[in-house]
Q: 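Starting off with a structure, shown below.
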Amino acid sequence: MSRRCRMIVYSIITSMAILFLVLLIRLLFFSGLFVPTLELIGEQQIVVNMNETYHDPGAKSIYRFMDNSSHIQVDDQVDTSQLGNYKVIYQLDNANKKVIREVIVTDQKAPDLRLKGDQEIRIFIGEAFEEPGYQAYDNCDGDISDQVKSHSAIDFDQTGTYQIEYEVSDSHGNTAKAARTVVILEDPVNTKLAYHHDMFDNTMFEWWFNKSQDHQRTSGAKSEEWLQAYSAYYQGKDEKVLYLTFDEGGNDITYIKEIAEVLHAHDVKATFFLTRNYIRDESAFVNELVDEGHVIGNHTWHHYDMTTLANEASVDAFVEEITQEEKTYLEVVGEEMPKLFRFPRGGCSERALKMVHDLGYQTFFWSHAYYDYGSDVSKQQALDTMMQHYHNGAIYLLHPSNKGNYEALGDFIEEMKKLGYRFDTLDHIE
């Protein structure tokens, strides 16, 4: 290598060494080895809404590779009760070094507008609507509920779904909106049944059936052909399908909620015939049943013997036993009740069947039941009778007041599935 080339290489190396030394010195200097550092934590500019708490992120200092933050003095001028631009000044003791954060107190927050009462209200044609009310609070202006404006175009004489819109603005132009849904429903209690039923026999009979032998389809108090004229059934089609039904009127002891858990665990849907007061008093649970895919059937208001009302003088009371339950179901669930009916205690007559049919209902009896009212019925006894008399299309009547039914239900479902049976709800019987 020539002398000139060596000189050039030497010059480059020297320059690089000097550059490296300068960078090292700068690094050590700014790392706080020789002079303490001071820098903000977080953003240099922070925006906070008026009357909200300001949390200062602070600053940090390093000196000789150690935390020196305890030597920082803070001059915090922020007042969030007043709009404006403020400064937070951080300065080191005995050092001519400081950093400044800008804090802007503004009002960009919309008022808090809350509706009282339910988000969705259901009322019936002819009923008066009472506004549940609302409350509006602003971080600057305080309570501004009296400035809320509402608008709606509800026709209280026409069924439909309507909106009430609410709006409020604060003194700085921030606006909040809310909406409430109002559903206007046809009142089922207004249903009138034109009475022309004296030609039908009103002799009361209690439903009975012959227990299935060798798992064959069975017969009952009336033939399938006779019942068909009134859209009534006691068993489904001749297929490997079973229908679990539960009658509940509000017994002091009931395992209906435990039964619902068993059904959920086995992915089985059932039909529940509930009285009106049970639907009213257990509204949350009834909605859970519907959400799970179970079907709720009409079991009347008072659980009366309906044949005693099946006459011209009592026709309105007969209808009301059914329509009051429809109305309560509408109020609780928000949709029309399935047109499935079961006579209390299975007591009916041809006339009562005809009247229920004329109200648009299907009536369902059963092809399997047993004396399950006793509290002493064990799980094994319940399971044995369920297994002994199953058949294609069987409709099982079970009462939730019996603990044996609840305890045996899971085993019964598993056994029937092993035998190739599926479970369905009564609304799929035609």
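All residue numbers refer to positions in the sequence shown, counting from 1.
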Q: Verify the distance criterion only: is there a donor paired with an acceptor across the side chains of N174 and D170 at less than 3.5 Å?
A: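 Present: a donor and an acceptor within the cut-off.
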
Q: Kindly check if the number of other-residue, nucleotide or ligand heavy atoms within 6.0 Å of CG (L419) is above 12?
A: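 Atom CG in L419 is packed in, count exceeds 12.
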
Q: Any salt bridge (charged side-chain N to carboxylate O under 4.0 Å, His left out) pairs touching residues 201-229, not counting sequence neighbours?
A: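 Sorted result for residues 201-229: R217-E224.
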
Q: Return yes if a side-chain donor-acceptor contact under 3.5 Å exists between H299 and E325, otherwise no.
A: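 The answer is no; no qualifying pair exists.
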
Q: So which of E186, E320, E127, E336 actually passes salt bridge (Lys or Arg N to Asp or Glu O under 4.0 Å) with K327?
A: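 Only one of E186, E320, E127, E336 forms a salt bridge (Lys or Arg N to Asp or Glu O under 4.0 Å) with K327, namely E127.
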
Q: Tell me if the NZ atom of K240 is crowded by more than 12 foreign heavy atoms within 6.0 Å.
A: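 Enclosed.
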
Q: Just how far is it from atom CG of L289 to atom CD of E282, taken to the nearest 0.5 Å?
A: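 So the CG of L289 and the CD of E282 are separated by 10.0 Å.
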
Q: Would you mind listing every ring-ring contact (aromatic ring centres under 6.0 Å, His included) that reaches into residues 68-92, with sequence neighbours excluded?
A: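 The answer is none; no pair qualifies.
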
Q: Which pairs, with at least one residue in residues 219-239 and sequence neighbours excluded, count as a ring-ring contact (aromatic ring centres under 6.0 Å, His included)?
A: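 For residues 219-239: W207-Y234, W226-Y230, Y233-F364.
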
Q: Take the angle between the ring planes of F200 and H197 and call it parallel below 30°, perpendicular above 60°, tilted in between.
A: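 If you compare the ring of F200 with that of H197, the planes turn out tilted.
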
Q: State whether a side-chain donor-acceptor pair under 3.5 Å links Q388 with D384.
A: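 Q388 vs D384: no donor-acceptor pair found between side chains.
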
Q: What residue pairs, at least two apart or across chains, pass salt bridge (charged side-chain N to carboxylate O under 4.0 Å, His left out) with a residue in residues 418-430?
A: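 Checked against salt bridge (charged side-chain N to carboxylate O under 4.0 Å, His left out) - neighbours excluded - the pairs reaching residues 418-430 are E239-R422, E415-K418, R422-D424.
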
Q: Mind checking salt bridge (charged side-chain N to carboxylate O under 4.0 Å, His left out) for R342 and listing every partner two or more places apart, or none if nothing turns up?
A: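 Residues passing salt bridge (charged side-chain N to carboxylate O under 4.0 Å, His left out) with R342: D247.
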
Q: Kindly check if the number of other-residue, nucleotide or ligand heavy atoms within 6.0 Å of NZ (K60) is above 12?
A: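 Incorrect, the count does not exceed 12.
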
Q: Run N210 and S219 through side chain to side chain donor-acceptor pair (under 3.5 Å) and show every step you take.
A: CA-CA 6 Å; N210 294 307; S219 57; 2.7 Å; yes

Q: Would you find more than 12 non-hydrogen atoms of other residues, nucleotides or ligands less than 6.0 Å from E312 atom CD?
A: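 Counting neighbours around CD of E312, 12 or fewer heavy atoms of other residues, nucleotides or ligands fall under 6.0 Å, so no.
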
Q: Stepwise, does the side chain to side chain contact (heavy atoms under 4.5 Å, CB included) test hold for V74 with Q91?
A: CA-CA 7 Å; V74 182; Q91 188 165 358; over 6 Å; no

Q: Check whether the side chains of S314 and N311 place a donor and an acceptor atom closer than 3.5 Å, and report yes or no.
A: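 Yes, a side-chain donor-acceptor pair sits under 3.5 Å.
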
Q: Quick one: do R114 and D112 make a salt bridge, cutoff under 4.0 Å?
A: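 Yes, charged N to carboxylate O under 4.0 Å.
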
Q: Identify whether the distance between the nearest side-chain nitrogen and carboxylate oxygen of K98 and E39 falls below 4.0 Å.
A: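 The answer is no: the pair does not qualify as a salt bridge.
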
Q: Which pairs pass salt bridge (charged side-chain N to carboxylate O under 4.0 Å, His left out) with one or both residues in residues 354-365, sequence neighbours excluded?
A: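 Passing the test, one end in residues 354-365: K354-D358.
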
Q: Verify side chain to side chain donor-acceptor pair (under 3.5 Å) between Q163 and T181, making sure each step is shown before the conclusion.
A: CA-CA 5 Å; Q163 293 282 327; T181 300; 2.9 Å; yes

Q: Taking only residues at least two apart or on different chains, which pairs with a member in residues 335-362 satisfy ring-ring contact (aromatic ring centres under 6.0 Å, His included)?
A: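 Listed by first then second residue: F341-F343.
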
Q: Please list all pairs passing the salt bridge (charged side-chain N to carboxylate O under 4.0 Å, His left out) test where one or both residues lie in residues 130-157, with sequence neighbours left out.
A: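 Matches after skipping sequence neighbours: E131-R180.
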
Q: Go through I123 and L185 one step at a time and tell me if the side chain to side chain contact (heavy atoms under 4.5 Å, CB included) criterion holds.
A: CA-CA 6 Å; I123 62 174; L185 303 166; over 6 Å; no

Q: For the residue pair T328 / R280, report whether a side-chain donor-acceptor contact shorter than 3.5 Å exists.
A: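 The criterion, which ignores hydrogens and geometry beyond distance, is not satisfied for T328 and R280.
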
Q: Begin with the C-alpha distance, continue with both residues' side-chain angles, and end with the deciding distance and a verdict on ring pair (Phe, Tyr, Trp, His ring centres under 6.0 Å) for Y390 and Y421.
A: CA-CA 10 Å; Y390 71 81; Y421 278 83; 5.6 Å; yes

Q: Is a salt bridge present between R122 and E120, judged by a nitrogen-to-oxygen distance below 4.0 Å?
A: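 A salt bridge is present here (some side-chain N lies under 4.0 Å from a carboxylate O).
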
Q: Check the pair N202, T307 against side chain to side chain donor-acceptor pair (under 3.5 Å), reporting the backbone distance first and the verdict last.
A: CA-CA 7 Å; N202 197 34; T307 63; 5.1 Å; no

Q: Name all residues meeting the salt bridge (charged side-chain N to carboxylate O under 4.0 Å, His left out) criterion together with K379; count only those two or more places apart in sequence or in a different chain, and write none if there are none.
A: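 Applying salt bridge (charged side-chain N to carboxylate O under 4.0 Å, His left out) to K379 gives D411.
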
Q: Just verifying a value: how many Å separate R351 CZ and L309 CG, rounded to the nearest 0.5 Å?
A: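 Reported to 0.5 Å precision, the distance equals 12.0 Å.
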
Q: Taking only residues at least two apart or on different chains, which pairs with a member in residues 116-154 satisfy ring-ring contact (aromatic ring centres under 6.0 Å, His included)?
A: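 Non-adjacent pairs meeting ring-ring contact (aromatic ring centres under 6.0 Å, His included): Y134-Y166.
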
Q: Would you say E248 and T254 are linked by a side-chain donor-acceptor pair, where the criterion is simply a distance under 3.5 Å?
A: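 Judged by distance alone, the side chains do pair up.
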
Q: For Q44, does its backbone N or O pair with a side-chain atom of E102 as donor and acceptor, under 3.5 Å?
A: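 Looks like no, no N/O pair under 3.5 Å.
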
Q: Does the pair R101/D56 count as a salt bridge with the N-to-O cut at 4.0 Å?
A: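 Yes.
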
Q: Y396 vs F246, test: ring pair (Phe, Tyr, Trp, His ring centres under 6.0 Å). Steps then yes/no.
A: CA-CA 8 Å; Y396 277 69; F246 301 90; 9.8 Å; no

Q: Grab the two heavy atoms, one from P132 and one from I121, that are nearest each other, plus how far apart they are.
A: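 Looking at all heavy atoms of both residues, the shortest contact is CG-CD1, 3.5 Å.
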
Q: With no hydrogens and no angle check, just 3.5 Å: does a side-chain donor-acceptor pair link N51 and N139?
A: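 Checked: N51/N139 side chains show no N/O donor-acceptor pair below 3.5 Å.
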
Q: Distance from Y162 atom OH to I154 atom CD1, nearest 0.5 Å?
A: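 Going from the OH atom of Y162 to the CD1 atom of I154 covers 8.0 Å.
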
Q: Thinking salt bridges, do K339 and E326 make one under a 4.0 Å N-O criterion?
A: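 Salt bridge flag = yes for E326 with K339.
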
Q: Please step through side chain to side chain donor-acceptor pair (under 3.5 Å) for the pair T175 and S169, ending with a clear verdict.
A: CA-CA 4 Å; T175 299; S169 297; 2.8 Å; yes

Q: Should the heavy atoms of other residues, nucleotides or ligands under 6.0 Å from CD of E52 be counted, would the total exceed 12?
A: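 Check passes, neighbour count above 12.
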
Q: Less than 3.5 Å apart, any donor N or O on the side chain of Q108 or N49 sitting next to an acceptor on the other?
A: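 Note: Q108 and N49 side chains miss the donor-acceptor criterion.
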
Q: Which residues pass the side chain to side chain contact (heavy atoms under 4.5 Å, CB included) test with P338, sequence neighbours left out?
A: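 Side chain to side chain contact (heavy atoms under 4.5 Å, CB included) check on P338 returns V295, Y329, L340.
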
Q: Which value, rounded to the nearest 0.5 Å, describes the distance between H172 atom NE2 and C140 atom SG?
A: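 Answer rounded to 0.5 Å: 5.5 Å.
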
Q: Please, which pairs that meet side chain to side chain donor-acceptor pair (under 3.5 Å) have at least one residue in residues 283-295, sequence neighbours excluded?
A: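 For residues 283-295, and leaving out neighbouring residues, the side chain to side chain donor-acceptor pair (under 3.5 Å) pairs sorted by first residue read H264-E292.
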
Q: So, taking the atom named CG in L227 and the one named CG in L353, what distance separates them when rounded to the nearest 0.5 Å?
A: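 Output value for this atom pair is 7.0 Å.
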
Q: When rounded to the nearest 0.5 angstrom, what is the spacing between OH in Y255 and CD in E261?
A: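 Spacing of OH (Y255) from CD (E261) equals 13.5 Å.
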
Q: Decide yes or no for F272 and T245: does some side-chain heavy atom of the first lie under 4.5 Å from some side-chain heavy atom of the second?
A: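 When only atoms from C-beta onward are counted, T245 and F272 do not touch, as no gap falls below 4.5 Å.
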
